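Reviewing the structure listed below.
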Number of protein chains: 2
Amino acid sequence: MAASRRPLAPDEPNRRAEIVRAASRLFAEKGYAGTTIRDIARAVDMQSGSPFYHFKTKHDMLLAVVLEGMATITRAVGAAAARAGTPREVFEAMLLAHLDQLLAEDGRHFAATLLHESHHLEAAARAVLIEQKDAYEALWQKALRELKRSGEIDDDSRVTRLLLMGALNWTVQWYRPNGGRTVKQIARQISGMLLKSR
Amino acid sequence: MAASRRPLAPDEPNRRAEIVRAASRLFAEKGYAGTTIRDIARAVDMQSGSPFYHFKTKHDMLLAVVLEGMATITRAVGAAAARAGTPREVFEAMLLAHLDQLLAEDGRHFAATLLHESHHLEAAARAVLIEQKDAYEALWQKALRELKRSGEIDDDSRVTRLLLMGALNWTVQWYRPNGGRTVKQIARQISGMLLKSR
DNA sequence: CATGCTACCAAGCAAGCGCTTGCTTGACAA
DNA sequence: TTGTCAAGCAAGCGCTTGCTTGGTAGCATG
């Protein structure tokens, strides 16, 4: 009946991070409203009331998940944006970093929760998230500006960025790790579609 | 306390369709799991048990919503695909029809539910939906094939179609009716990004 | 050895959930 | 006038939900 209790290392830090990771997976798979505290507790082998030692409410768990997802992807894409290279090289590195966060094993549940469950946050928490999101989108807007300056795209407007984000973020719906295409190939295909020079 | 009971026309057909419409709005706004039968009943001014006269389960209500959404968009885009014209003209008409179903007042809740809540269906119901979806995607694949034959795109692979669908479907996340851009302008911008000739 | 703190467990509460039941109502038919 | 039927209402059942509460094992510090 009871799940096997894995041996905790004696100096393991507290299990808040473990709860967040389990919550991200469950929120991504069953949705925020479809996931119960008991689901999360079971996933980390706790009693159903124990997660509330680490989080005041279920909403706070969701907020922790989406903020970690946002921070991680911003860090990864920001690093790609900051590297040296032509606008095209920078752009392709950013594509790869973004897709990697969405699709790779570790962290894809954070991204999926961020994309699909954020609207369950209350107004105050959502405001915090939007601030982060604006900073992230500025990275992309700048990259598009550089591409236009170097003549590789015609239009660097907001709508262009949003359409690009759609193509990227929608991969979550259809990408399968063993589906023939690697993340790198998808990134190349996108830049091939959008950029004029080759 | 009680909502004002609007006077029913004496020959009004049964209210099943009204329930489906209300359910589509609520599922789109709060998610399937986040919407209660009581929410739906209240929206159509019924008692909480009464919708079960028309539907056996809550899942059946979801199925009715997504099937209606799928049928409506297939009809609209199919009509655009069947019209006479160059591959480019056909493609642009399809873009417009698809976006119109996603973004226009009537029916956008059906589309949003279809896109975001279908995974709550059980296996049997999902199989029915997938069959419809395959037929719909074949419309697009054919349109891409024609565009390639006429030399307006380089690549008509499955991945191209999925990336395009992503750019289209993601508009649900950011489009606002009074946001400066019309649906027609967005459709034009997409075809401008993807197609080579002008 | 006493004290205090961290990180839980065991139990359960109030509210809300999907769904069922027995009954009513108004329209129409015989 | 009586019978039938569609379309509900009123009530509530059994269960699940997010969250709370009182207690405590294990470790660190004095």
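Labels below follow one simple rule: chain letters A, B, ... track the order of the sequence lines, proteins then strands, and each chain is numbered from 1. Since this is a predicted model, take the numbers as computed values, not measurements.
Summarising the geometry, the separation between OH on B:Y53 and C1' on D:dA7 is reported as 5 Å, rounded to the nearest angstrom. One can place CZ of A:R15 at 12 Å from C1' of C:dC9, the figure rounded to the nearest angstrom. Regarding A:L62, its CG atom lies at a distance of 12 Å from the P atom of D:dC19, rounded to whole Å.
In this structure, B:E92 pairs ionically with B:R88, as a charged nitrogen and a carboxylate oxygen lie closer than 4.0 Å. Under a 4.0 Å N-O distance rule, the pair A:E152/A:K196 does not qualify as a salt bridge. Note on B:K148 versus B:D154: no salt bridge recorded, every NZ/NE/NH1/NH2 to OD/OE distance being 4.0 Å or above. The pair A:E29-A:R25 counts as a salt bridge, with a side-chain nitrogen and a carboxylate oxygen less than 4.0 angstrom apart.
Taking the ring-ring contact (aromatic ring centres under 6.0 Å, His included) definition, one finds that B:H54 meets it with nothing, sequence neighbours left out. Here B:R161 pairs with B:E137, B:Q141 under the side-chain hydrogen bond (donor to acceptor under 3.5 Å, both in side chains) rule; sequence neighbours left out.
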Summary of protein contacts for nucleotides 10-21 of chain C, nucleotide by nucleotide, where a base hit scores B, a sugar-phosphate-only hit scores S (4.0 Å, heavy atoms): S-B----BBBB-
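In the hydrophobic clustering of this structure, A:V20 does not group with A:Y53; members are Ile, Leu, Val, Met, Phe, Trp, Tyr whose side-chain heavy atoms approach within less than 4.5 Å, directly or through other members.
Dashed line: the shortest gap from a side-chain N or O of A:H54 to OP1 or OP2 of C:dT6 is not under 4.0 Å.
A:L147 is not listed as a side-chain neighbour of A:D156, based on a closest heavy-atom distance of 4.5 Å or more.
Annotation: the terminal axes of the helix from C:dC1-D:dG30 to C:dA30-D:dT1 meet at 10°, where each axis is the rotation carrying the C1' atoms of four end pairs onto the next four (5 pairs per end, rounded to 10°).
Contacts between residues 122-129 of chain A and DNA chain D, defined by a heavy-atom separation under 4.0 Å, are absent.
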Residue pair B:R42, B:S48: steps toward the side chain to side chain contact (heavy atoms under 4.5 Å, CB included) verdict: CA-CA 7 Å; B:R42 198 177 312 118; B:S48 71; over 6 Å; no
Result block: side-chain N/O donor-acceptor pairs under 3.5 angstrom for residues 108-116 of chain A, not counting sequence neighbours:
from	atom 1	to	atom 2	distance (Å)
A:R108	NH1	A:E105	OE1	3.0
A:R108	NH1	A:E105	OE2	3.0
A:T113	OG1	A:S24	O	3.2
A:T113	OG1	A:H109	O	2.9
A:H116	NE2	A:Q173	NE2	3.2

